[in-house]
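Below, all heavy atoms of this structure are taken into account, side chains as well, without hydrogens, waters or symmetry copies. Throughout, protein chains are lettered first and strands after them, A, B, ... in sequence-line order, and every chain is numbered starting at 1. All figures in this text were calculated on a predicted structure; none of them were measured in a lab.
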Amino acid sequence: MLLDSSFFNQKTALVAQELLGKFLVRRIGGKTLSAMIVETEAYVGPHDLASHASKGKTERTKVMFEKAGVWYVYLIYGMYHCLNIVTEEKGYPSAVLIRALELEVEGKKIANGPGKLCRALGIDRKLNGVSAVAKNAQLFIEDRGEKIPRNKIVKAKRIGVDYAGKWKDELLRFYIKGNKFVSKK
DNA sequence: GGTATGATGGGC
DNA sequence: CCCATCATACCC
């Protein structure tokens, strides 16, 4: 079942947890790739100092203010892309960063990190601002009936946000306990 | 096992 | 100047 805008229009920390066990589906060059989401992070609003949107609405961050169910893709460190899905009401900047997928090729994990996952699925800024819930979306998320029990969801600090004051210690990173594709312990 | 660092470019 | 990263180098 395709996840729709009502799913993404909920509290960001809830969406981040609910996305564990869902499948990210990519249509590219006539092929379809899909893999289970095993790790996410929530960027919960303009007051969240770890969020790009805490600096206000700019050319880069304006997508975070869009309605729920739009992709927010940006370039980081000059060489990697990060994939986020916008959440909550239009005008309220928040999103979930998808950090890792259960995906391997010839025994090699190729999506155990936000930059690697974008490389593996051919995701770049062309998808920024594009809908994940439109009929013919090239990139969307499906519920395939997998349900991750609460006691298998680990809550942890987010990665790479040491600049965020007290927000750096918030437990807004979520991953499936024991999963080998999670990017960091 | 661990920590340190360079690559590389756009945002502020 | 600073990054919501990754691969590699080197050290214990």
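Straight-line distance from the CE atom of A/M79 to the C1' atom of B/dG10: 13 Å, rounded to whole Å. When rounded to the nearest whole Å, the span between NZ of A/K116 and P of B/dA7 equals 21 Å. When the P atom of C/dT5 is taken as reference, atom CD1 of A/I123 falls 16 Å away, rounded to whole Å. Rounding to whole angstrom units, NE2 of residue A/H81 and C1' of C/dT5 are separated by 12 Å. Taking atom CG on A/L75 and atom C1' on B/dA7, their separation rounds to 12 Å, with Å as the unit.
Using modelled atom types and a 3.5 Å distance limit, the side chains of A/S54 and A/S51 yield no donor-acceptor pair. Residues A/S34 and A/E142 have side chains that never bring a donor and an acceptor to within less than 3.5 angstrom of each other.
Remark: the separation of the P atoms in C/dA4 and B/dG2 is 24 Å, to the nearest Å.
Between A/R125 and A/Y80, the residue anchored closer to the 5' end of DNA chain B is A/Y80, taking for each the nucleotide with the nearest heavy atom.
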Mind listing the side-chain donor-acceptor pairs of residues 71-86 of chain A below 3.5 Å, one per line with the distance, residues two or more places apart or on another chain?
{"unit_1": "A/W71", "atom_1": "NE1", "unit_2": "A/L139", "atom_2": "O", "d": "2.9"}
{"unit_1": "A/Y72", "atom_1": "OH", "unit_2": "A/H52", "atom_2": "ND1", "d": "2.8"}
{"unit_1": "A/N84", "atom_1": "ND2", "unit_2": "A/Y72", "atom_2": "O", "d": "3.2"}

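Each of A/K184, A/R158, A/R99 was evaluated against A/E41; a single residue qualifies, A/R99, per the salt bridge (Lys or Arg N to Asp or Glu O under 4.0 Å) test.
Listed by chain and number, the hydrophobic cluster partners of A/V161 are A/Y43, A/L97, A/Y163, where partners are ILVMFWY side chains within reach of under 4.5 Å, directly or through others.
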Output one line per pair: protein atom, nucleotide atom from nucleotides 10-12 of chain C, and distance, for all N/O pairs under 3.5 Å.
none

List, with names and distances, any nitrogen or oxygen atoms from the protein found under 3.5 Å away from nitrogen or oxygen atoms belonging to nucleotides 1-4 of chain C.
{"unit_1": "C/dA4", "atom_1": "OP1", "unit_2": "A/H52", "atom_2": "NE2", "d": "2.7"}
{"unit_1": "C/dA4", "atom_1": "OP2", "unit_2": "A/Y163", "atom_2": "OH", "d": "2.4"}
{"unit_1": "C/dA4", "atom_1": "N9", "unit_2": "A/Y74", "atom_2": "OH", "d": "3.2"}
{"unit_1": "C/dA4", "atom_1": "N7", "unit_2": "A/H52", "atom_2": "NE2", "d": "2.9"}
{"unit_1": "C/dA4", "atom_1": "N1", "unit_2": "A/N84", "atom_2": "OD1", "d": "2.5"}
{"unit_1": "C/dA4", "atom_1": "N3", "unit_2": "A/Y74", "atom_2": "OH", "d": "3.0"}

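A salt bridge does not link A/K157 to A/E170: none of the charged nitrogens lies less than 4.0 Å from a carboxylate oxygen.
For residues 130-141 of chain A, no pair satisfies salt bridge (charged side-chain N to carboxylate O under 4.0 Å, His left out), with sequence neighbours left out.
Nearest approach of A/S183 to A/N112, heavy atoms of both residues: CB-O, 3.3 Å.
In this structure, A/M1 CE and A/K22 NZ are separated by 7.5 Å, a value rounded to the nearest 0.5 Å.
Between A/Y92 and A/P46, the closest side-chain pair of non-hydrogen atoms falls below 4.5 Å.
Checked by atom type and distance alone, the side chain of A/E88 pairs as donor or acceptor with a backbone atom of A/T12 at under 3.5 Å.
Remark: DNA chain C forms stems of 3 or more consecutive Watson-Crick or G-U wobble pairs, all pair distances under 3.5 Å, at B:1-7 with C:5-11, B:9-11 with C:1-3.
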